[in-house]
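Sequence lines set the chain letters: A, B, ... in the order given, protein chains first and strands last, and positions in each chain run from 1. Side chains are part of it too, since the values below use all heavy atoms of this structure and drop only hydrogens, waters and symmetry mates.
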Protein chains: 2
Amino acid sequence: MYSAAVNVTVNTDAEGGPRAGTADRLVEATRDLLWERGYTGTSPRAIQQRAGAGQGSMYHHFAGKPELALAAITRTAGELRARADGLLSGPGTAVERVTAYLRRERDVLRGCPIGRLTQDPDVMADPVLRAPVEQTLGWLRGRLAEVLAEGRANGELPPSVDPSVTAATVVAVLQGGYVLARAAGDTDPFDQAVTGLITLLARPRPA
Amino acid sequence: MYSAAVNVTVNTDAEGGPRAGTADRLVEATRDLLWERGYTGTSPRAIQQRAGAGQGSMYHHFAGKPELALAAITRTAGELRARADGLLSGPGTAVERVTAYLRRERDVLRGCPIGRLTQDPDVMADPVLRAPVEQTLGWLRGRLAEVLAEGRANGELPPSVDPSVTAATVVAVLQGGYVLARAAGDTDPFDQAVTGLITLLARPRPA
DNA sequence: GTCTATACAAGGATAGAC
DNA sequence: GTCTATCCTTGTATAGAC
């Protein structure tokens, strides 16, 4: 079994930066590769090459591929959560904050680094690797539901808009928007999906 | 280069059925494995075992993994399109047909067999394999846009509902719903995402 | 901590017998 | 058409020297 904690030399440089320690560089390389190629498509060799580390070095810092993946996924999940919370807990009305989150700048054609893991059977089959994926997306739906509930409470949104249900719709539009954009090789479908949702959400209530 | 045409012995049995020809069984096995494990995660060996065919047999019928994958993807794309069109061109008002399509029975936890290929870098990197993915999802958006345009024309939907834009939203909710369901290990988030969308779509227009 | 050597299964395919 | 033998590369890791 491998644990969530990773031994990383204390390092004042930014994570993964040019002067980062070897362990950090390995984690950053793994993050990139998981995002691009998924778990199955990512080999230890490829990680080592991208990190500029040797075989022995990698296995000194990490027990193997699953442990490295866990470190990578955990770090990515933390960042995703922090950025989402920054916008959803920021200034503005409820609908404005949800809109800001939907419209925030994204690397659309690369897709969601957490959502994509959902398609990786080896990740989903391993409870340890799966947990951060499940938790992150679960948290996001919950946080969005809170904001939507605010909006309903203060009359921005009609009573027909169930917060939990609508939160699922919002996250689904993002995750699905990535799929459409990648299929089309173009960010347009993503932007359209988001625009369509915002239009439906912001439509003035029936008098 | 491999082509889209596949030599399949004329066979009165259902495709992939118990008495299907070897070529058909290979294609069916490939379809299953692509759906479950993606392109990178699917080996020729695994295909042969699932199809009950030997090495030599497989390479007699197909030039290699990419050609098999193309046959599998093409068949899956055709089925997806036929089923969607059946509902979208069926009876009922525009909103009813879109709702019927959204609510149709699905193997939610397995996800979309076409959408998932979007996450496979080796598929997306190959124009031949990529084309059916791009076309199928593009066609679906277009067909939905037509139905939504009908709905707007006859007053079911308000003028604010742009058909193309909303079609992207509809497909995104489905594709993203799969992601959420798989992450949660539960079909609920999918159903919620769909319900949320239908609620927003069917909301009576402001007087 | 990092390097090199070694190991062995699996991926992906070809050759030629039957 | 199908089977077996063979081939080379890559995936994933261990062992031990430096």
Side-chain angles (χ1 to χ4, degrees), chain A residues 1-2 6-11 13 16 19-30 32-34 36-72 120-123 125-126 128-129, chain B residues 1-2 6-11 13 16 19-30 32-34 36-72 120-123 125-126 128-129:
Chain A
M1 180 55 85
Y2 44 96
V6 176
N7 302 321
V8 173
T9 306
V10 173
N11 182 339
D13 294 310
R19 294 209 31 193
T22 302
D24 260 338
R25 289 202 328 275
L26 284 164
V27 172
E28 288 303 309
T30 305
D32 281 357
L33 285 165
L34 285 182
E36 264 175 46
R37 311 212 22 100
Y39 185 82
T40 302
T42 295
S43 70
R45 278 229 241 279
I47 293 171
Q48 292 152 206
Q49 285 174 352
R50 187 169 299 216
Q55 193 93 317
S57 193
M58 184 190 122
Y59 283 102
H60 170 74
H61 291 287
F62 299 90
K65 180 171 158 175
E67 194 177 294
L68 251 171
L70 178 60
D120 238 306
D122 295 338
V123 169
D126 182 336
V128 175
L129 294 181
Chain B
M1 182 55 86
Y2 45 97
V6 176
N7 302 321
V8 174
T9 305
V10 172
N11 181 338
D13 295 309
R19 295 207 32 192
T22 301
D24 260 338
R25 290 204 325 278
L26 284 163
V27 172
E28 288 303 309
T30 305
D32 281 357
L33 286 165
L34 284 183
E36 266 175 43
R37 312 212 19 101
Y39 185 82
T40 303
T42 295
S43 70
R45 278 228 240 283
I47 293 170
Q48 292 152 208
Q49 285 174 353
R50 186 168 298 215
Q55 192 93 317
S57 195
M58 183 189 121
Y59 283 103
H60 169 74
H61 291 288
F62 298 91
K65 179 171 157 175
E67 194 177 292
L68 251 170
L70 179 60
D120 237 307
D122 295 338
V123 170
D126 181 335
V128 175
L129 294 180

Round to the nearest Å and state the distance from [X] atom [atom1] to [N] atom [atom2].
X     : N      : atom1 : atom2 : value
B:Y59 : D:dT6  : OH    : P     : 18 Å
A:F62 : D:dT12 : CZ    : C1'   : 16 Å
B:I47 : C:dA10 : CD1   : P     : 17 Å
A:R45 : D:dT10 : CZ    : C1'   : 6 Å
A:L68 : D:dT12 : CG    : P     : 12 Å
B:R37 : C:dG11 : CZ    : C1'   : 13 Å
B:L33 : C:dG11 : CG    : C1'   : 14 Å
B:M58 : C:dA13 : CE    : C1'   : 9 Å

Taking all non-hydrogen atoms of both residues, which atom of [X] and which atom of [Y] are closest, and how far apart?
X      : Y     : result
B:L129 : B:P66 : CD2-O, 3.7 Å
A:T42  : A:K65 : O-NZ, 2.8 Å
A:G54  : A:Q48 : O-CG, 4.0 Å

Roughly how far, to the nearest 0.5 Å, is the [atom2] atom of [Y] from the [atom1] atom of [X]?
X     : Y      : atom1 : atom2 : answer
A:L34 : A:L68  : CG    : CG    : 9.0 Å
A:T40 : A:D120 : OG1   : CG    : 4.5 Å
B:L26 : B:H61  : CG    : NE2   : 6.5 Å
A:R50 : A:L33  : CZ    : CG    : 4.0 Å

## Note on the structure
When the rotation axes relating C1' atoms of four end pairs to the next four are compared across the helix from C:dG1-D:dC18 to C:dC18-D:dG1, five pairs an end, they differ to 10° by 0°
### Message
Counting C-beta onward and ignoring hydrogens, is there a side-chain heavy-atom pair between A:T30 and A:F62 closer than 4.5 Å?
### Response
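No, side chains not in contact.
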### Query
Given side chains that start at C-beta, do those of B:D122 and A:R37 come closer than 4.5 Å, heavy atoms only?
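Yes, close enough: below the 4.5 Å cut-off.
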Filtered N/O pairs between nucleotides 2-4 of chain C and protein, under 3.5 Å:
| from | atom 1 | to | atom 2 | distance (Å) |
| --- | --- | --- | --- | --- |
| C:dT2 | OP1 | A:T22 | OG1 | 3.0 |
| C:dT2 | OP2 | A:S57 | OG | 2.8 |
| C:dT2 | OP2 | A:H61 | NE2 | 2.9 |
| C:dT2 | O5' | A:S57 | OG | 3.4 |
| C:dC3 | OP2 | A:G54 | N | 3.2 |

### Query
If you look at every strand shown and take non-hydrogen atoms under 4.0 Å, does B:T40 touch a base, only sugar-phosphate, or nothing?
nothing
